[in-house]
Each structure stands twice: as structure tokens, then as C-alpha cells.
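Structure first, then comments.
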Amino acid sequence: KAGVTQTPRYLIKTRGQQVTLSCSPISGHRSVSWYQQTPGQGLQFLFEYFSETQRNKGNFPGRFSGRQFSNSRSEMNVSTLELGDSALYLCASSPEGDQPQHFGDGTRLSIL
Amino acid sequence: GIQVEQSPPDLILQEGANSTLRCNFSDSVNNLQWFHQNPWGQLINLFYIPSGTKQNGRLSATTVATERYSLLYISSSQTTDSGVYFCALRYGQNFVFGPGTRLSVLP
């Protein structure tokens with residue numbers, strides 16, 4: 001069974017731009033969560049989607065948004081990029097919310 | 001919100017040594033996982049262990065939910081065990097990670 005797939009693996013953007021990251025969960029998994037990892041803040045929860053609905057959201061500004069499609073694939077969008085948005089963005093999937101999460105390899109976003 | 005602490009923050013071992021990593025949490029949880037993040041940033045599931053004890057090869061984990069802690073044991077460590085070990089738990093609808101233990105295994 002294929003694992004969680006995140007694209008792209010690496011991305012370089014400049015301040016003020018916007019970016020869209022993609023996550024394809026493990027087949028049959030309906031819950032997709034997004035996390036931001038930075039050296040200073042560690043791993044922080046962004047939001048979780050389940051059956052195309054955002055089920056919960058972490059403490060991030062409205063510039064961070066996401067959506068989930070009917071095939072459970074999810075996208076995360078960050079608008080008006082700031083230098084502090086440079087991070088590793090990780091996506092995880094699970095069959096339901098309260099079950100083991102499986103992570104993708106992440107998208108490393110660099111803001112110049 | 002819930003507080004998650006991991007100890008020690010850093011650990012250096014010689015190959016072949018054993019170690020115990022600890023995760024303390026401040027409230028009741030119903031979902032706890034241990035992950036290993038390798039030097040390339042990949043997060044690898046080690047255990048899903050809301051309670052009890054599990055073993056997988058040289059690794060084992062124990063969670064005592066009533067006392068709000070979990071332990072990860074690594075025996076006969078290898079250089080490939082190097083990386084950061086995180087415990088993570090579901091608290092309400094959020095999934096909260098501890099700060100991690102950075103393990104370096106020297107040849």
C-alpha cells in the first residue's frame with residue numbers, strides 16, 4: 001500500500017507570494033492533518049480535515065488555509081508569505097481521527 | 001492546554017548501549033504515538049501505545065496512562081538510530097507533539 005505522498009518536496013518562494021502544497025493520503029484514510037515544523041517552535045498542528053470538512057484548527061493566522069477533496073486528497077495554501085513561514089510542512093493521514101497517524105516526507109518551504 | 005515534556009533533551013550513546021526516553025504529559029489522553037525523525041526529516045511511526053507495553057525488535061514502549069507518562073526503550077543502539085524521537089498525543093481534537101529527544105549514536 002502506498003504511503004502518504006506530499007508534493008512538491010522542495011519549494012522556494014519570495015515574500016508576499018502564495019503557495020499551495022499537496023498531500024495524498026494512504027488509500028482508505030479519511031483524516032488528513034497538516035503540521036509545521038521549525039527549529040524554534042518544533043512541530044505544530046495546523047489543521048485537520050475529515051470527509052472534506054475542517055474538523056479542527058491550530059493557532060495559526062488566517063493566511064494558512066486548506067481543503068480536502070472527495071478522494072481525501074488535501075491541499076494547504078499559504079498566502080502573503082513571510083520569512084517566518086520557512087519550514088518543513090508535514091502531512092499525516094489516518095483512517096479516522098483517533099487512530100495512528102502516518103506521515104509523508106514533507107515539503108520543505110524556503111522563503112527568500 | 002496540555003503540556004508535553006520529553007527527557008532527556010539530548011542523548012549521546014556509544015553503539016551497543018541501551019537507553020530510555022521519557023514522555024510526560026499533564027492531562028489524560030487517549031492516543032499516544034512515538035515517532036523517529038531521521039536526519040532527512042522523515043517521521044517514522046514507532047509505536048501507537050495509548051496504554052500498556054509493546055515491543056518491536058530492539059525497541060519497546062510502555063505507557064502508564066494513569067500516571068501520565070510513556071517510556072521508549074532502545075536496546076543495543078545502532079548508528080541508524082540517530083535522530084530525534086518525538087512522543088505525540090491527541091488531546092481533544094488537536095495532536096500535540098513533545099519537544100523531542102535528540103539521540104546521537106556514535107560508532
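Residue numbers start from 1 in every chain, and the chains themselves are labelled A, B, ... in the order their sequence lines are given, proteins ahead of strands.
Interatomic distance, CZ of A/F103 versus CG of B/N45, reported as 7.5 Å (0.5 Å rounding). Note: A/H102 NE2 to B/Y48 OH = 10.5 Å, rounded to the nearest 0.5 Å. Here the CG-CZ distance, from A/N56 to B/R90, works out to 8.5 Å after rounding to the nearest 0.5 Å.
Both B/L21 and B/L32 are members of a single hydrophobic cluster when ILVMFWY side chains are connected at heavy-atom separations under 4.5 Å. Transitive grouping of hydrophobic side chains (ILVMFWY, heavy atoms separated by less than 4.5 Å) brings A/L83 and A/F64 into a common cluster. Hydrophobic clustering places B/L46 together with B/L103 (ILVMFWY residues linked when any side-chain heavy atoms are closer than 4.5 Å, directly or through intermediates).
Within a 6.0 Å radius of CD1 in B/I44, other residues, nucleotides and ligands contribute more than 12 heavy atoms. Atom CG of A/N59 has 12 or fewer neighbouring heavy atoms from other residues, nucleotides or ligands inside a 6.0 Å radius. Counted within 6.0 Å of CZ on A/R15, heavy atoms from surrounding residues, nucleotides or ligands total 12 or fewer; the atom is thus considered open. Annotation for B/R102: atom CZ does not count as buried by contact number, only 12 or fewer foreign heavy atoms lying within 6.0 Å.
In this structure, A/K57 and B/N94 approach most closely via the heavy-atom pair O-OD1, 4.4 Å. For A/Q101 against B/F35, the heavy-atom pair with the smallest separation is O-CE2, 3.8 Å. In this structure, B/Q33 and A/Q99 approach most closely via the heavy-atom pair OE1-O, 4.3 Å.
Heavy atoms of A/L88 lying under 4.5 Å from chain B belong exclusively to its side chain. Of the atoms belonging to A/Y35, it is side-chain heavy atoms, and not backbone ones, that fall under 4.5 Å from chain B. In this structure, the portion of A/Q37 lying under 4.5 Å from any heavy atom of chain B is its side chain and not its backbone.
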